Structures are given as structure tokens and as C-alpha cells.
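Below is one structure, written out as C-alpha cells; comments come after it.
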Amino acid sequence: MAEDTSSHEMVGTSHRRRRTKFTEDQLKILINTFNQKPYPGYATKQKLALEISTEESRIQIWFQNRRARCGFQKRPGPETSESSQSHGQDQPDRKFQSREARRCRTVYSASQLCTLIEAFMKNPYPGIDYRERLAKEIGIPESRVQIWFQNRRSRFHLQRKRELVSLEPEDQGKLEGLQGAEDTQNGTDFPSDSHSSRARTW
DNA sequence: GCACTAACCTATTCACATT
DNA sequence: AATGTGAATAGGTTAGTGC
């Protein structure tokens with residue numbers, strides 16, 4: 001109970017969301033659903049969220065963590081069902097998975113993207129407070145902002161990898177050295193203030 | 001301290017629209 | 001068909017909470 005968004009006043013790098021405490025009843029419902037459907041679709045998650053009065057994104061995280069704890073290690077596989085034998089080695093149980101529909105794809109307007117990109121260039125690891133502010137500003141749920149940042153960072157990393165591969169060996173050395181040096185959060189160097197050259201293909 | 005677990009991360013894949 | 005990108009996933013780490 002030490003939280004509350006004012007405990008640290010920070011630039012936004014790592015201020016986490018307040019930890020959710022599920023009640024016994026909530027957990028009962030979650031576990032029950034999990035036992036029947038470890039990979040619920042969006043509709044199920046929404047319904048659950050309503051039922052136990054929490055956000056859908058919390059349900060999503062709970063299922064992720066639960067699967068990890070329960071040792072799930074196979075995706076349910078694309079809903080092609082019978083067709084994917086090529087790598088269908090040892091699906092645990094291919095019953096429950098005529099996969100339910102995903103959340104509808106969010107379509108961002110140009111101005112929303114502009115705001116997001118600008119924010120990303122300032123800070124690729126925004127804390128909960130900043131994400132919420134941003135979400136409010138552009139009128140989309142905070143969970144979407146979080147996912148957008150995740151995808152953006154991933155693609156940034158990917159882009160950098162590709163660059164490294166295409167560089168001369170000597171330049172690679174330089175770059176790698178640099179990386180090690182300014183490594184911030186997770187072993188990466190993001191543009192902290194000025195984004196470099198390519199910002200727009202992804 | 002330690003165990004448990006929500007929150008968060010990267011890397012990868014899926015899915016679908018656009019080019 | 002290739003590309004771009006939001007959504008979902010596995011698997012890992014960080015950190016709050018309760019004992």
C-alpha cells in the first residue's frame with residue numbers, strides 16, 4: 001500500500017500500474033474460466049472483465065501469467081485447425097482451440113500516430129501515469145497505448161538488428177560497443193531525444 | 001528473507017489491410 | 001505476393017505483498 005501515483009515523481013520510465021489484488025471470488029471465476037479455456041478470445045475476456053469488475057487488460061495479463069505458471073508452452077495454433085500439421089508436433093490438446101476472435105484491430109489516425117511517435121521519441125518506456133495521460137489525450141484505451149509501445153520497441157530492435165547485419169564488420173564493432181555503453185533498461189539504446197534517421201518505415 | 005504473483009519486458013508469430 | 005502493423009503469445013524479469 002505504498003503506491004499511489006505520487007510516491008515517486010518521475011519522468012515516466014518505470015512507474016508501474018498499481019498491483020491488482022483479486023478477491024477470492026474473482027479468482028474463483030478466473031480459475032474456473034481458465035480451466036475451461038486457457039486461451040480466451042476477446043469476447044470472453046470482455047465478459048469476464050464485466051463479471052468481476054476489472055479491466056479486460058488485467059484479465060489478459062492474468063491469463064498470460066497463469067499459462068506461464070501452469071507450464072503452457074504451445075500456442076493453440078492458427079484456427080486452420082486441421083491444416084497445420086507441418087509443425088503440429090505435440091499440441092497439448094487441440095480440442096479447445098477453434099480460436100475465438102481477437103480484439104478488433106485499432107486504427108490510429110494520423111494525428112494519434114503523430115502524438116504516439118513523438119512520445120516514443122521522448123521516452124520509449126513510459127510509465128503508467130504517462131501512458132494514461134497519453135491515452136486520454138488521443139482518446140484510446142491505455143492498454144492500446146501500452147501495446148503500441150511494445151510493438152514499436154520490438155520493431156525498433158528489429159530494425160537495429162538488420163542495420164547491424166548490413167554494416168561493415170568494423171562499424172558493427174563500434175556500434176555494439178556503443179550499445180553496451182549506453183544501455184538503459186533492457187539492453188537497448190533508444191533515441192532519448194532525437195530519433196534517428198529512419199523513424200518512418202515502421 | 002522468501003514465496004507468490006501482478007506488471008512488465010523482448011522476441012516471435014498471427015492476422016488482416018494496404019500497396 | 002510483399003509489406004506494415006495491431007494483437008496475441010511464450011518465456012523471462014522486476015517488484016509489491018504477505019508470511
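From a predicted model like this one, the values you see are computed outputs, not experimental measurements. First the proteins, then the strands, lettered A, B, ... as listed; each starts at 1.
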So, is [X] near the phosphate of [N], with a side-chain N or O under 4.0 Å from OP1 or OP2?
X         : N       : answer
Arg102(A) : dC14(B) : no
Tyr125(A) : dT14(C) : no
Arg155(A) : dG4(C)  : no
Lys161(A) : dT12(B) : yes
Trp62(A)  : dA6(B)  : yes
Arg67(A)  : dT9(C)  : yes

Check: [N] base within 3.5 Å donor-acceptor of [X] side chain:
X         : N       : value
Arg19(A)  : dT5(B)  : yes
Arg152(A) : dT5(C)  : no
Ser154(A) : dA11(B) : yes

Measure the distance from CG on Leu30(A) to P on dT5(B) and round it to the nearest whole Å. 13 Å

Side-chain heavy atoms under 4.5 angstrom apart, residues restricted to Ile, Leu, Val, Met, Phe, Trp, Tyr: same cluster for Phe72(A) and Leu30(A)? yes

Do Met121(A) and Phe156(A) sit in the same hydrophobic cluster, where Ile, Leu, Val, Met, Phe, Trp and Tyr count as joined when their side-chain heavy atoms come under 4.5 Å apart? yes

Pair Phe63(A)-Leu48(A), side chain to side chain contact (heavy atoms under 4.5 Å, CB included): steps then yes or no: CA-CA 11 Å; Phe63(A) 272 81; Leu48(A) 261 177; 3.7 Å; yes

NA contact type, [X], heavy-atom cut-off 4.0 Å: base, sugar-phosphate, or nothing?
X         : result
Arg103(A) : sugar-phosphate
Arg17(A)  : sugar-phosphate
Gln150(A) : base

Take Glu55(A) and Ser143(A) through the side-chain hydrogen bond (donor to acceptor under 3.5 Å, both in side chains) test and state the conclusion after the steps. CA-CA 9 Å; Glu55(A) 296 162 39; Ser143(A) 63; over 6 Å; no

Nearest to the side chain of Asn151(A), heavy atoms from C-beta on, is which of dA7(C), dG12(C), dC9(B)? dA7(C)

